[in-house]
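Okay, so here's the structure we're looking at.
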Amino acid sequence: MSQKGVTPRGEDYSRWYNDLVQLADLADYAPVRGCMVIKPYGYELWENIKNALDIRFKQTGHKNAYFPLFIPMSFLQKEAEHVEGFAPELAVVTHGGGKELEEPLVVRPTSETVIGHSFSQWIQSHRDLPLLINQWANVVRWELRTRLFLRTTEFLWQEGHTAHATAEEAEAETMQMLDIYADFARNEAAIPVIKGRKSNQEKFAGAEASYTIEGMMGNVWALQAGTSHYLGQNFAKAFDIKYRDENNEQEYCYTTSWGLSTRMIGAIIMAHGDDTGLRLPPRLAPIQVVIVPIFKNEEQKGPVLEAAHRIAETLLTVNIRVHVDARDEKPGFKFNDWEMRGVPLRMEIGPRDVESGTVVLARRDRPGKEGKSTAKQDEIRAAVTRTLTEVQSGLLEQATTFRDAHLHEANSLEELKESIDTEGWALLPYDGSAEAEAKIKEETKASSRCFPLEGGDVEEGTKCAITGRPAVGKAYFARAY
RNA sequence: CGGGGCGUGGCGCAGCUUGGUAGCGCGCACCGUUCGGGUCGGUGAGGUCGUGGGUUCAAAUCCCGCCGCCCCGACCA
């Protein structure tokens with residue numbers, strides 16, 4: 001690209017986002033509308049997300065499996081609300097091997113139905129429960145309007161599917177996975193998400209209840225970064241997922257599903273990115289430390305590069321993801337380049353450092369001089385480890401401060417409007433109705449994000465600020481992706 | 001699907017109004033210079049102008065159709 005940097009956020013947030021995705025080398029547009037090519041740097045980021053989640057799933061007893069991409073059309077139709085919800089965005093295969101298929105195949109938009117089919121065969125007895133399965137897969141939803149990572153026609157995700165003997169157990173699983181997502185977002189991605197329950201309008205098609213983690217992006221819009229659904233017996237009944245209890249009675253299972261997608265990359269970009277580029281949380285960054293050697297002639301080059309590689313080796317011994325940038329470019333160019341790519345920590349090493357046994361560290365979470373410090377080469381492991389931890393918490397802290405400054409309470413449509421206008425999320429007593437939500441959307445373009453699990457309770461007798469009917473709780477309203 | 005914009009070397013664009021041998025910047029290759037915040041100079045490679053048709057002696061340029069992409073709205077992880 002000919003331009004040197006991204007479009008400033010204040011000028012055009014959408015363009016800033018698009019510029020950044022491409023300039024930071026995360027993804028490209030694909031030949032097919034709405035699809036994307038995830039480039040190596042973006043994919044490494046996804047792999048790190050994947051690993052951090054997978055460990056958590058395994059720790060809580062889940063097993064990975066894989067279910068097919070194609071689903072018989074009739075499966076989708078077995079759950080009325082489910083098919084109604086997904087019908088508009090299905091990709092359907094009608095031909096195979098040169099012949100028209102007897103029954104069209106749907107390219108999975110999500111896998112409750114095929115997995116439900118398998119579950120019905122796998123589960124016979126209460127001894128088979130709970131069944132805790134996860135799959136890493138691609139899914140396709142024919143979206144009208146797409147944006148790299150945030151909403152693409154095909155995307156990568158994980159979808160967990162579990163079956164339980166009781167509603168309580170399934171509900172507990174739903175909440176456990178929501179907690180895992182929130183923990184991941186906070187401690188790995190450095191995004192302080194709000195956990196909450198979706199309104200009926202925003203609920204997953206076919207679920208009894210949907211829960212979400214909502215993150216605040218740099219333009220204050222909300223982004224649903226992960227969801228966990230309590231499906232009750234809806235899919236169990238549609239797919240005959242039954243077990244024999246201790247008394248040999250046949251009972252339907254209670255199921256859950258939960259997912260987190262490559263959209264998370266969009267969340268990370270928008271929660272942390274600035275006008276110089278990406279800012280990646282060290283725990284997920286493909287490259288945690290980049291070493292930029294500095295020299296002005298051949299005599300200096302040798303010792304400097306030698307020191308750079310020696311330090312890199314040292315850092316590798318403590319599993320720090322380090323890269324020596326030995327390209328034939330000016331240091332200034334490299335600084336800007338790695339800042340664009342969001343590398344959390346830059347290490348500069350030049351002739352003066354070689355002389356004095358030091359290096360210069362520059363933190364990505366603090367701009368310019370403020371983020372620079374000097375460290376001793378023989379204490380480099382400790383210095384780098386400590387600084388990476390500081391950058392990780394620095395990003396979380398900045399995101400939290402930003403979020404808290406934009407959370408408002410509102411008790412009327414007027415106050416809500418004001419909150420949204422002044423760029424914020426509004427917490428409003430709400431009856432959960434479609435009617436109130438439609439009214440709010442019309443007036444403010446904001447939608448209900450969730451009834452937060454913390455701070456969403458209302459006293460008996462509290463009325464919905466829009467309809468005047470009894471409120472079921474306080475819900476956050478915000479402009480959202 | 002409605003509104004707007006755009007398709008010209010790898011990328012960003014000019015040229016189109018008024019048809020006449022395809023241009024600029026970045027990037028790329030090579031040489032020198034520079035190197036602690038996006039060096040400077042030189043040389044060079046690279047384009048069926050999205051696509052199909054039409055008008056014309058002649059089309060990137062005018063006319064008609066089609067395709068695609070981006071942005072803004074209604075639906076969605």
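So you know, we letter chains A, B, ... as the sequences are listed, proteins then strands, and number each from 1. Scope of the values below: all heavy atoms of this structure, side chains included, with no hydrogens, waters or symmetry mates. Predicted model, so just to flag it, every value in this text is computed and none were measured.
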>> Please tell me whether A/His229 and A/Ser210 have a donor and an acceptor in their side chains that are separated by less than 3.5 angstrom.
In response: yes

> On a whole-Å scale, what distance lies between the P atoms belonging to B/U18 and B/G73?
Replying inline: 36 Å

>> Between P on B/C70 and CD on A/Glu143, what's the gap in Å once rounded to a whole number?
In response: 14 Å

> Base, sugar-phosphate, or nothing: which does A/Arg147 touch, judged by heavy atoms less than 4.0 Å apart?
Replying inline: sugar-phosphate

>> Using a 4.0 Å heavy-atom cut-off, does A/Val360 contact any base of the nucleic acid, only the sugar-phosphate backbone, or nothing at all?
In response: base

> Considering every strand shown, what is the Watson-Crick or G-U wobble mate of B/C67 when both distances are under 3.5 Å?
Replying inline: B/G7

> Between the side chains of A/Asn64 and A/Gln135, does any donor sit under 3.5 Å from an acceptor?
Replying inline: no

> If each of A/Glu329 and A/Gly332 is mapped to the nucleotide of RNA chain B with the nearest heavy atom, which maps nearer the 5' terminus, i.e. the 5' end?
Replying inline: A/Glu329

>> Any strand counts, and the cut-off is 3.5 Å on both contacts for Watson-Crick or G-U wobble. Which nucleotide pairs with B/A29?
In response: B/U43

>> Rounding to an integer number of angstrom, what distance separates B/G53 and B/C49 when you compare their P atoms?
In response: 13 Å

> Rounded to whole angstroms, how far apart are CG on A/Leu23 and C1' on B/G27?
Replying inline: 13 Å

> Just how far, in rounded Å, is C1' of B/C71 from OH of A/Tyr17?
Replying inline: 15 Å

> Partner of B/G2 by Watson-Crick or G-U wobble geometry, both contacts under 3.5 Å, or none?
Replying inline: B/C72

> Between B/U39 atom C1' and A/Ile294 atom CD1, what is the distance in whole Å?
Replying inline: 15 Å

>> What's the gap between B/C70 and B/U55 when it is taken at their C1' atoms, as a whole Å value?
In response: 32 Å

> Counting any heavy atom closer than 4.0 Å, what does A/Thr152 reach on the DNA or RNA strands: base, sugar-phosphate only, or nothing?
Replying inline: base

>> From C-beta outward on A/Lys372, which listed nucleotide comes closest to its side chain: B/G37, B/C35, B/C75?
In response: B/G37

> Just checking A/Leu150: base, sugar-phosphate only, or nothing, at a heavy-atom cut-off of under 4.0 Å?
Replying inline: base

>> Considering every strand and a 4.0 Å limit on heavy-atom distances, what is the contact class for A/Asn18: base, sugar-phosphate, or nothing?
In response: sugar-phosphate

>> Any strand counts, and the cut-off is 3.5 Å on both contacts for Watson-Crick or G-U wobble. Which nucleotide pairs with B/C49?
In response: none

> Does the side-chain ring of A/Phe333 lie flat on the base of B/G37, meaning centres under 5.5 Å and planes less than 30 degrees apart?
Replying inline: no

>> Please report the distance, rounded to the nearest Å, between CD in A/Glu298 and P in B/C35.
In response: 14 Å

>> Quick check: on RNA chain B, is the nucleotide nearest A/Arg352 upstream (toward 5') of the one nearest A/Thr153, or the reverse? Name the residue that is more 5'.
In response: A/Arg352

> What is the distance, rounded to the nearest whole Å, between atom CZ of A/Arg15 and atom P of B/G12?
Replying inline: 11 Å

> Are any of the side-chain heavy atoms of A/Phe477 and A/Thr444 separated by less than 4.5 Å?
Replying inline: no

> NA contact type, A/Arg108, heavy-atom cut-off 4.0 Å: base, sugar-phosphate, or nothing?
Replying inline: nothing

>> Is there, by distance only and without an angle test, a donor paired with an acceptor across the side chain of A/Asp337 and the base of B/G38 below 3.5 Å?
In response: no

> Which whole-number value in Å describes the distance from A/Lys330 NZ to B/C40 P?
Replying inline: 9 Å

> Which value, in whole Å, describes the distance between the C1' atoms of nucleotides B/G4 and B/G41?
Replying inline: 44 Å

>> Keeping A/Gln288 on the side-chain end and A/Pro282 on the backbone end, is there a donor-acceptor pair under 3.5 Å?
In response: yes

>> Could you tell me how far B/G46 sits from B/U51 if I compare only their C1' atoms? Round to whole Å.
In response: 23 Å

> Between B/C70, B/G36, B/C75, which nucleotide has the shortest distance from any of its atoms to the side chain of A/Pro351?
Replying inline: B/G36

> Does A/Phe86 have its ring centroid less than 6.0 Å away from the ring centroid of A/Phe204?
Replying inline: yes

> Base, sugar-phosphate, or nothing for A/Ser261, non-hydrogen atoms under 4.0 angstrom?
Replying inline: base

> With rounding to whole Å, what would you report as the distance between B/G42 and B/G47 at their C1' atoms?
Replying inline: 24 Å

> A/Asp328 has an atom CG; how far is it from atom P of B/A29, in whole Å?
Replying inline: 10 Å

>> Could you tell me the Watson-Crick or G-U partner of B/G37, where both distances fall under 3.5 Å? Say none if there is no partner.
In response: none

> Is A/Asp274 salt-bridged to A/Arg9, going by a charged N under 4.0 Å from an acidic O?
Replying inline: no

> Paired with B/G20: which nucleotide, if any, by Watson-Crick or G-U wobble criteria at under 3.5 Å for both distances?
Replying inline: B/C57

>> Within the 4.0 Å heavy-atom criterion, would you say A/Gly350 contacts the bases, only the backbone, or no part of the nucleic acid?
In response: base

> Looking for any heavy atom pair under 4.0 Å, which part of the strands does A/Phe155 touch: base, sugar-phosphate only, or nothing?
Replying inline: base

>> Treating A/Lys39 as the side-chain partner and A/Tyr43 as the backbone partner, does any N or O pair qualify as donor plus acceptor under 3.5 Å?
In response: no

> Between A/Trp258 and A/Gly226, is there a donor-acceptor pair closer than 3.5 Å when you use the side chain of the first and the backbone of the second?
Replying inline: no

> Distance between the C1' atoms of B/G3 and B/A59, in whole angstroms?
Replying inline: 31 Å

> Between the side-chain atoms of A/Glu339 and the base atoms of B/G38, is any donor-acceptor pair under 3.5 Å?
Replying inline: no

